[in-house]
There are 2 protein chains.
Amino acid sequence: MSEPGLACCTPLTGTPMSAEQAEQVAPLLKALADPVRLRLVSLIAASAGGEACVCDLNDAFDLTQATISHHLKVLHSAGLLDRDKRGVWVFYAVRPEAMTAVATLFDTTGRTTLALTPA
Amino acid sequence: MSEPGLACCTPLTGTPMSAEQAEQVAPLLKALADPVRLRLVSLIAASAGGEACVCDLNDAFDLTQATISHHLKVLHSAGLLDRDKRGVWVFYAVRPEAMTAVATLFDTTGRTTLALTPA
DNA sequence: TCAGGACATCGACGGACGTCGATGTCTGAA
DNA sequence: TTCAGACATCGACGTCCGTCGATGTCCTGA
């Protein structure tokens with residue numbers, strides 16, 4: 001929840017993943033491994049300007065505001081979303097580096113190593 | 001555990017994801033969202049011939065054989081691994097379609113839709 | 001036919017997770 | 001200063017998950 005960001009990710013294929021590396025990557029995938037959070041990320045990414053207001057996100061689900069707030073916190077803590085408070089409203093945006101990092105995991109061609117800094 | 005395979009996946013970015021689509025994709029990511037399973041997939045993918053014997057996988061972890069067997073079952077049930085019994089030994093192999101399907105999720109350029117059939 | 005090894009399954013336990021209602025905190029307007 | 005709205009946090013509840021020891025199933029060689 002407050003750990004410093006570490007190097008991530010090399011492709012899953014190719015060379016065997018170290019235990020430490022797996023421990024770093026798993027939380028990223030765990031944050032995405034929920035239908036609601038998957039839709040939240042998708043909704044935010046597809047919104048105008050690549051960001052969305054929490055008030056709009058709340059309306060898109062049949063869930064409590066507390067629950068949506070919780071899911072956004074999980075995504076933000078994992079380093080997948082940026083948070084920007086403007087007056088009364090809070091806007092969340094997808095962090096492109098985060099998406100690229102995860103994409104690199106499943107890339108079968110490239111060998112890039114990326115850095116991801118949560119929160 | 002025994003559901004028929006359904007269409008998966010369109011990129012997370014671009015158009016908002018439907019609830020049904022999210023419910024189908026989440027189990028895939030949930031299966032990968034564990035350090036041990038991440039290493040298992042990586043180990044198998046990096047093995048000669050793209051497959052590995054359970055006996056060798058057991059030795060790579062400080063975990064019970066029952067636990068490794070459980071994780072392999074989770075990955076197999078999600079459609080990520082193929083299972084092949086040869087005599088006394090069981091070999092698991094990564095399903096390329098599965099990896100491609102997940103990769104497509106985080107692809108920011110392509111618009112491909114792939115099908116993934118579990119078990 | 002029998003013994004041993006490879007792997008799966010079962011049942012149980014502790015901890016983590018998703019959801020909720022209630023409450024707290026901050027901001028802008030009256 | 002006060003109030004209403006937007007969002008976060010808290011505490012609680014039921015469920016799911018990772019791990020284990022014990023046991024079951026299947027195959028092979030003697």
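Excluded from the calculations below are hydrogen atoms, water molecules and symmetry mates; all remaining heavy atoms, backbone and side chain alike, are included. Residue numbers begin at 1 in each chain, while the letters A, B, ... track the order of the sequences.
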**Request:** Output yes when a side-chain donor or acceptor of B:Ser47 lies under 3.5 Å from a complementary backbone atom of B:Leu43, and no otherwise.
**Result:** yes
Quick one: side chains of residues 56-65 of chain B, donor-acceptor pairs under 3.5 Å with protein atoms, not counting sequence neighbours, listed by atom name and distance.
residue, atom, partner, partner atom, Å
B:Asn58, ND2, B:Val54, O, 3.4

**Item:** Span of DNA chain D, from the first to the last nucleotide whose atoms fall under 4.0 Å of chain A heavy atoms
**Value:** D:dA6 to D:dT9
**Item:** Any A:Ile44 side-chain heavy atom under 4.5 Å of A:Leu72 side chain
**Value:** yes
**Request:** State, to 0.1 Å, how close B:Leu80 and B:Ala31 come at their nearest heavy-atom pair, and which atoms those are.
**Result:** CD1-CB, 3.8 Å
**Asked** Short question: side chain of B:Ser42, backbone of A:Thr15 - any donor-acceptor pair under 3.5 Å?
**Response** yes
Expected rows: protein N/O vs nucleotides 12-19 of chain C N/O, under 3.5 Å:
residue, atom, partner, partner atom, Å
C:dG18, OP1, A:Arg37, NH1, 3.4
C:dG18, OP1, A:Arg37, NH2, 2.8
C:dG18, OP2, A:Arg37, NH1, 3.4
C:dT19, OP2, A:His71, NE2, 2.4

**Message:** Heavy atoms only, 4.0 Å cut-off, all strands: where does B:Tyr92 land among base, sugar-phosphate and nothing?
**Reply:** sugar-phosphate
**Fill in**
Of all heavy-atom pairs linking A:Gly79 and A:Ala98, the shortest is O-CB, 3.5 Å
**Message:** Short of 4.0 Å, heavy atom to strand atom, which residues of residues 50-61 of chain B count as contacting DNA chain D?
**Reply:** none
**Message:** Closest-nucleotide mapping onto DNA chain C: is A:Arg86 or B:Val90 further toward the 5' terminus? I mean the 5' end.
**Reply:** B:Val90
**Item:** With sequence neighbours excluded, residues passing salt bridge (charged side-chain N to carboxylate O under 4.0 Å, His left out) with A:Glu51
**Value:** A:Arg86
**Prompt:** Looking across every strand, which nucleic acid part, if any, lies under 4.0 Å from B:Arg83 by heavy atom: base, sugar-phosphate, or nothing?
**Reply:** sugar-phosphate
**Message:** Could you report the tightest heavy-atom contact between B:Leu32 and A:Leu29, atom names first, then the distance?
**Reply:** O-CD1, 3.7 Å
**Fill in**
Residues B:Ala22 and A:Arg39: closest non-hydrogen pair is CB-CG, 3.5 Å
**Asked** Among all residues two or more places apart in sequence or in another chain, which pass the side-chain contact (heavy atoms from CB on, under 4.5 Å) test with A:Ala103?
**Response** B:Phe106
